[in-house]
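Beneath this line is the structure, given in structure tokens, with notes to follow.
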2 protein chains.
Amino acid sequence: MPETTRRADRLSGSRYGNRPTMKDVAARAGVGLKTVSRVVNGEPGVTPDTERRVQEAIDALGFRRNDSARVLRKGRTASIGLVLEDLADPFYGPLSRAVEEVARAHGALLINGSSAEDPEREQELALALCARRVDGLVIIPAGDDHRYLEPEIRAGVATVFVDRPAGKIDADVVLSDNFGGARDGVAHLIAHGHRRIGFIGDMPGIHTASERLRGYRAAMENAGIPVEDGWMSLGATDPERVRRAAEEMLAAASPVTAVFTGNNRVTVTVIRVLAEHSRPVALVGFDDIELADLLRPGVTVVAQDAAALGRTAAERLFRQLDGSLVAPERIELPTRLITRGSGELPPAG
Amino acid sequence: MPETTRRADRLSGSRYGNRPTMKDVAARAGVGLKTVSRVVNGEPGVTPDTERRVQEAIDALGFRRNDSARVLRKGRTASIGLVLEDLADPFYGPLSRAVEEVARAHGALLINGSSAEDPEREQELALALCARRVDGLVIIPAGDDHRYLEPEIRAGVATVFVDRPAGKIDADVVLSDNFGGARDGVAHLIAHGHRRIGFIGDMPGIHTASERLRGYRAAMENAGIPVEDGWMSLGATDPERVRRAAEEMLAAASPVTAVFTGNNRVTVTVIRVLAEHSRPVALVGFDDIELADLLRPGVTVVAQDAAALGRTAAERLFRQLDGSLVAPERIELPTRLITRGSGELPPAG
DNA sequence: CCCGCATCTGACAACGTTGTCCAGGCTCTA
DNA sequence: TAGAGCCTGGACAACGTTGTCAGATGCGGG
């Protein structure tokens, strides 16, 4: 006789896991089920007196509407998912926060998870979010094949990719101008007299990394400088390898006089190496880093606006949900060169 | 005749918002509803041949289980909520990530939101998460009254507070040793010969801030140093006010020779002020900051382990859900003094 | 005094899934 | 070959909510 047991537990109020339902509230208030629903949702057509009785019952029982059931009935969850690479990376905090603020403005909750740069985990996470029936997904891709999302998108899940483009499907994408930013950063070094310029970046398999590399090559080519072997280090992600790469460039027979670094983590490591180095070496880094202005010299960077990326993507997501959007688009946000000293050092040696 | 319409849409596959259900899969595979459920959940009792047919139907239709319905039926959502102050703050990134990893290890998703330091928003968010029927909540309190959670906790929502204690309810709390850390940091300055030491921190209404202030006072008292008016600045949160406060302390008739800063944001601003100051002033800050080792002098800090806070809290949450936990507890994690130079400067002037 | 109308209320089905339980078909043994 | 027992598959109810629709109630006017 489970019904009896449950009622007893509920009345005693001590047992975990049994929450009062609208039915319980209705029984206590002596009204119908639907009337409770009306009160909870602020629908019209309830006399003040009835409303008061219902409200009292709600408070007395500690009732809270079960949104799972609501979602099941209504179809929309008023929540969106965010799949990013690593929340602990300072670049993603503001991005995530920006997405959240837009979601909040649309009355939606944000569910997020980290892919840890693992394509399989990205897929697992994205599909788990779809199973929760999020209304939309903002994805910072780890993998390069997103066809697994096709059924979801067809089923109406709004989808926007950020920071890196979607792989093998046609979808909205919001990016920084990685190519242009890197090109301008390297050109800045060239303008200050450098010709032997190193590039240290992530694996070229990652879109942002290859675009920035392309920018480096373009700037060098525009200036008519042939790039020598040993000036480029790709795929060095962990500090140890970045350090080795930087040291090799600086110790070569004809060492580089400037370095362009492909992301914030690389930049930080290279700053450490340069700090130990005797001769001054110019540096421009992609991504801004905190306290960059307080170092001596200050660190010149190509800054992207992480918050703007997140905001733009989220706004586009909700416009998809509004139905006011049709064709997928690729949006590129400009980067900004912030000069602080390290990029303006003249060539030494 | 809505049924007909829906079926047609589904077959055409073009209209948004209609997803295939197990019923559809069953019809297509020519099996019963429950058999599909069994296949989807990997339950035993299905012949390989039937399983194959079902799987084909699933793939063909792009079916994905609706977890909302599942949750409704099963009672548990396998998701936990995290309410924090501001994801954009570098302190919370690693904390959030640590919570996520623990959740993942337990097969749960993480839903998070920022309170923006607003008690009302904290409550709104926490209750919204409860309405989604998260299994548990990790909360970094913005407010100081959490009685609104009593019905939820009684109903079985596991709850752990982090970084600051819960207000007016008895609940699990995981904190850093704010008092001890601040006391030791200030004692460190005293040990290096300082007697005129300033304190710049957040509003004393915030628990961490008042504990750190208490630590400052204790260290001074232990050393028999009376604290003068004007050595303490409380409630300065925005950079402008912090800057003014620091400048006043340094410009006073008998200026402070060292400063203890109450959190990372304050520390960063004070570093800027000190960089412009002529005489060297010692500094110890609460919270570690990135690149602190690269500044000259390096910044001595009292570091808390944000990831450990998050991990400890999340683990405790899941132990509550296991039922292996009974009485609420208060856990205090140690802080660590990291000497890098700024805290070891001798008194000047 | 009765009818019509507006207002308020509640019974019922449906959302998509899972747990329970039973039916039918099979194998194995006596 | 009949009966017992096992395995597979499916019918049905339930989870807690909301939309639909019809019934009840009260009021004013004819």
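Quick note: numbers below take in every heavy atom, side chains included, and nothing from hydrogens, waters or symmetry partners. Reminder, nothing fancy here: chain letters follow the sequence lines and each chain counts from 1.
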*Just checking B/Val40: base, sugar-phosphate only, or nothing, at a heavy-atom cut-off of under 4.0 Å?*
nothing

*Between D/dC21 atom P and A/Lys34 atom NZ, what is the distance in whole Å?*
13 Å

*Give one of base, sugar-phosphate or nothing for B/Asn41, where a contact means two heavy atoms less than 4.0 Å apart.*
sugar-phosphate

_Does either side chain, that of A/Glu122 or that of A/Tyr148, offer a donor lying less than 3.5 Å from an acceptor on the other one?_
yes

*For A/Gly45, which contact category applies under a 4.0 Å heavy-atom criterion: base, sugar-phosphate, or nothing?*
base

_Which is more 5' along DNA chain C, the nucleotide nearest B/Leu72 or the one nearest A/Thr35? Just name the residue._
A/Thr35

*Spacing of B/Arg64 atom CZ relative to C/dT17 atom P, expressed in whole Å*: 12 Å

_When you measure from the side-chain N and O atoms of B/Arg73 to the phosphate of D/dG16, is any distance below 4.0 Å, counting only OP1 and OP2?_
no

*B/Asn41 side chain to B/Arg65 side chain, donor-acceptor N/O pair below 3.5 angstrom*: yes

*Going by the ring-ring contact (aromatic ring centres under 6.0 Å, His included) test, which pairs reach into residues 19-44 of chain A, not counting sequence neighbours?*
none

*From the options C/dG19, D/dG16, C/dT17, select the nucleotide whose nearest atom is closest to the side chain of B/Phe63.*
C/dT17

*Mind checking side-chain hydrogen bond (donor to acceptor under 3.5 Å, both in side chains) for A/Arg52 and listing every partner two or more places apart, or none if nothing turns up?*
A/Asp49, A/Glu56

*Determine to 10° how strongly the helix from C/dC1-D/dG30 to C/dA30-D/dT1 is bent, judged from the axes of its five-pair ends.*
60°

*At under 4.0 Å, does any side-chain N or O of A/Thr47 touch on OP1 or OP2 of C/dT7?*
no

*Would A/Asp135 and A/Thr77 count as having a side-chain donor-acceptor pair, cut-off 3.5 Å?*
yes

*Reckon B/Val46 touches a base, only the sugar-phosphate, or nothing at all at heavy-atom distances under 4.0 Å?*
sugar-phosphate

*Can you tell me if A/His146 and A/Gln123 form a side-chain donor-acceptor pair at under 3.5 Å?*
no

*asked:* Can you identify which nucleotide, out of D/dT18, C/dT17, D/dG16, has its nearest atom closest to the A/Leu33 side chain?
replied: D/dT18

*Toward the 5' end of DNA chain D, which comes first, B/Lys74 or B/Val31, by nearest nucleotide?*
B/Val31

*Just how far, in rounded Å, is C1' of C/dA11 from CE of A/Met22?*
16 Å

*Between A/Glu51 (CD) and C/dT9 (P), how many Å, whole number?*
10 Å

*When you check the phosphate oxygens OP1 and OP2 of D/dT18, does a side-chain N or O of A/Arg65 lie under 4.0 Å from one of them?*
yes

*Rounding to a whole Å, what distance do you find between A/Arg70:CZ and C/dT17:C1'?*
20 Å

*Pick base, sugar-phosphate or nothing for A/Ser68, based on heavy-atom distances below 4.0 Å to the nucleic acid.*
nothing

*Under 3.5 Å, is there a donor-acceptor pair between the B/Asp24 and B/Thr21 side chains?*
yes

_Rounded to whole Å, please give me the gap between CZ in A/Arg76 and P in D/dT18._
17 Å

*asked:* For A/Tyr92 versus A/Ile140, what's the shortest heavy-atom pair and its separation?
replied: CE2-CD1, 3.4 Å

*asked:* Rounded to whole Å, please give me the gap between CD in B/Glu43 and C1' in D/dC7.
replied: 15 Å

*C/dC15 P sits how many Å from B/Lys23 NZ, rounded?*
6 Å

*Of A/Ser37 and B/Arg38, whose nearest nucleotide on DNA chain D comes first from the 5' end?*
B/Arg38

